[in-house]
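Chain A is the first sequence line, chain B the second, and so forth, proteins listed ahead of strands; every chain is numbered from 1. Everything quoted here is computed from the prediction, not taken from an experiment.
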Amino acid sequence: MQPDPVFDALAPDALSGLLSSAVDAKAPTVTGTTPDGWVPPDPATLTGLTPHLVVESLLGVGGMGAVYRARQEHLDRPVALKLMAPALAADPAFTARFQREARVLARLDHPHIVRLHDAGSDDTGRLWLIMELVEGASLRQVLDTGRFSAAEALGLLPDLCAALAYAHGQGVVHRDLKPENILVDAAGRLRIADFGLAKLMAGEPGSQALTGTGQVLGTAAYMAPEQVIGSPDIDHRADLYALGVLAYELLTGHLPLGRFEPPSRQPGVDVRLDSVILRALERDPGRRWQQATDFGVALGQAKAPTPLPPSTELAPLPALLTPFAPLIPALCAALGGALVTLLAHDHIGWAGQCLILLLVLFLLTPLMGPLDPEEPPQEPLRQLRCRPEQGQWLGLATGLAACTPMPVWAWRLAFVIACGWWGLGFVAYVAGWLSLRRHS
Amino acid sequence: MEGSPLPVTRWSQVVLAGGDDAAGRSALEWLFRMYGEPLRMHVRRAGWRDDEEVLQDFWVTLLERRAMGTADAARGRFRSWLLTCLDHFLADRAAAAAAGKRGGGRATAGLPAEDLFADPDATDPAQSFDRAWASRLLTRARERLGGEIDDLRFRTLSPFLLANGDAIAYRTAGAALGLGEGAVKVAVHRLRLAFRQAVRAEIADTLADPSTSAIDAELADLCAALTR
């Protein structure tokens, strides 16, 4: 057996790094305990918990219990078995909450929500749930492998909005939305899991008593301010706050803690997203997005091609002139240049003309509209103007230094304008000279 | 694995059997087959030209003397035990060859050939051995993953075993595998988990006591040896 060239070519440091990554045995299949010291049972002892159930391995241990990978043999279906810690099961309030979770989950049927197949308890009082097995990782684990690009994040968030809108429509609030509770399957699709802390808003009037007024459930960084203070009036807008935190984290890689910057400070994040995300993070639920659907639509609009800012929007041109739109500023510049050259050459010299040229080009920048109103958003000057923070010609210069195609393209246009300036100016000068000569 | 009574590993079979038992013998043969290559490199870098012959003699001696019965069960590490045995064997062989030369014996083909084959990059032959061992171990771990992760996927994603990539790197990997950025990250996470477990399982096979702490200790020892 020959050594694998993949590893054989590695330096000792890299080999050591690879081995070191195995040192920290966080692998959930090895062992684990709940915060109160409960050791989950061996998978083999759980087989037969319900008929046809074969429990294969421990997937993870959380605050409420343990999750196993299992298989329902009669259906040949892989499933996730969630077994509650006995200490929790002994608590009547928790048992009631657990049973409510089962009913809540059973009601939800959405492509971005983890499905519940079955729930119950055995003779010894152990509570269990059998759920759809999502072969993938939690969003937290995925985030640990690196930040999402803005485009990728914006591609994922609408799915979460849709799932929350659906759940809210069913009268279900998650109340503990966070990356740990969002699963990403092998195809990269998101599923919201653990509606275990959800509160039934309708159909179960006594539900508030189950958690008790003032009892705080949820995870601090993602909790809406009204959850932090233990307000009894928690509604679906708490989920929208959590989704705002999540959106901020996905786009920036940070949590919006303390005095945080708007998301667009991160490269590649559209400035229009600032107001959308910040609205979700309003302290007052009344000033937040009121529906997940609205939040999703606003995110979708921010993802859409950038419209021209009103301040620089061109007045509509007559249909006849529209095809010549890009030539108009060039023509103006050239005529203006010709006039200045003719009238002022003797007074201001070439250096003066250069300064005027730069000034005119700068002033004309906003006039350089799209070549075609149907032009896709990558059209260069249009993009340039949508980024006021880059400055207009300054943005051009920095873009040119980085050799990005957009400013190079824009620079060609400027070059044409400049040629027009000097060319027409020269013609006008020669014409004036000839005219003077003829008259003399 | 921790907590289960007397888990049987390849090396614990060797140690428990003391070499007399067929199972112990076959376990040792298996370990030698899997990890023999680092030994061959060690012999070669120690300057022995006829490395194959030396290694074969070493192996025969090991089995004849039933040296595995005397293995340091307290330390219980196949890697260090094997290297120590080989070093002793090579020293004995060199001494015997030198004595044969003094006594007018036959040609000294087995003597170290004065750095002729020594690795110019490695000042310490033991480090070469550890490096080859680590490479072998990782290869074995990769083989353990078997059909779970195909070759293209492993080669595309293995750069992310060591460090996170940027968005461009993930997109490039995704293009090669026909996956989106999110799916690539899920695949990377799962590969890391699976590979970590495979490495630990592979290490466990070379220890008498495959407890979590013993595996961590052996990993730390090997890492320290590599970066020494």
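Put simply, of Ile203(B), Val188(B), Val184(B), Leu219(B), the one with the most heavy-atom pairs under 4.5 Å next to chain A is Leu219(B). Of the listed residues (Gly136(A), Ala137(A), Ala14(A)), the one with the most heavy-atom contacts under 4.5 Å to chain B is Gly136(A). Contact tally against chain B (heavy-atom pairs below 4.5 Å) for Gly17(A), Gly188(A), Pro12(A), Gly155(A): the top residue is Pro12(A).
Looking at heavy atoms from C-beta onward, Leu138(B) lies in side-chain contact with Leu19(A) at the 4.5 angstrom threshold. Counting heavy atoms from C-beta on, the side chains of His189(B) and Asp144(A) never come closer than 4.5 Å. In this structure, the side chains of Leu18(A) and Leu162(B) come closer than 4.5 Å at one or more pairs of heavy atoms. Considering only heavy atoms from C-beta on, Glu152(A) stays 4.5 Å or farther from Tyr170(B) through its side chain.
In this structure, the portion of Phe195(B) lying under 4.5 Å from any heavy atom of chain A is its side chain and not its backbone. Interface remark: Leu137(B) contributes side-chain atoms only to the contact with chain A (heavy atom separation under 4.5 Å). Within the 4.5 angstrom heavy-atom criterion, no atom of Ala151(A) approaches chain B. Arg147(A) touches chain B through its backbone: at least one of N, CA, C or O sits under 4.5 Å from a heavy atom, while the side chain does not.
A search for side-chain hydrogen bond (donor to acceptor under 3.5 Å, both in side chains) contacts involving Glu135(A) returns Arg69(A), Arg190(B), not counting sequence neighbours.
Annotation: salt bridge (Lys or Arg N to Asp or Glu O under 4.0 Å) contacts involving residues 158-174 of chain B, sequence neighbours excluded, comprise Arg171(B)-Glu181(B).
Taking CG of Leu15(A) as the start and CG of Asp130(B) as the end, the distance is 10.5 Å to the nearest 0.5 Å.
Of the possible donor and acceptor atoms, none in the side chain of Lys185(B) sits under 3.5 Å from a partner among the backbone N and O of Leu143(A).
Closest of all the heavy-atom pairs between Ala186(A) and Ala183(B) is O-CB, 3.3 Å. Residues Ser20(A) and Cys223(B) approach most closely at OG-SG, 3.4 Å, considering heavy atoms.
Residue Ile168(B) qualifies as open at atom CD1: its count of foreign heavy atoms under 6.0 Å is 12 or below.
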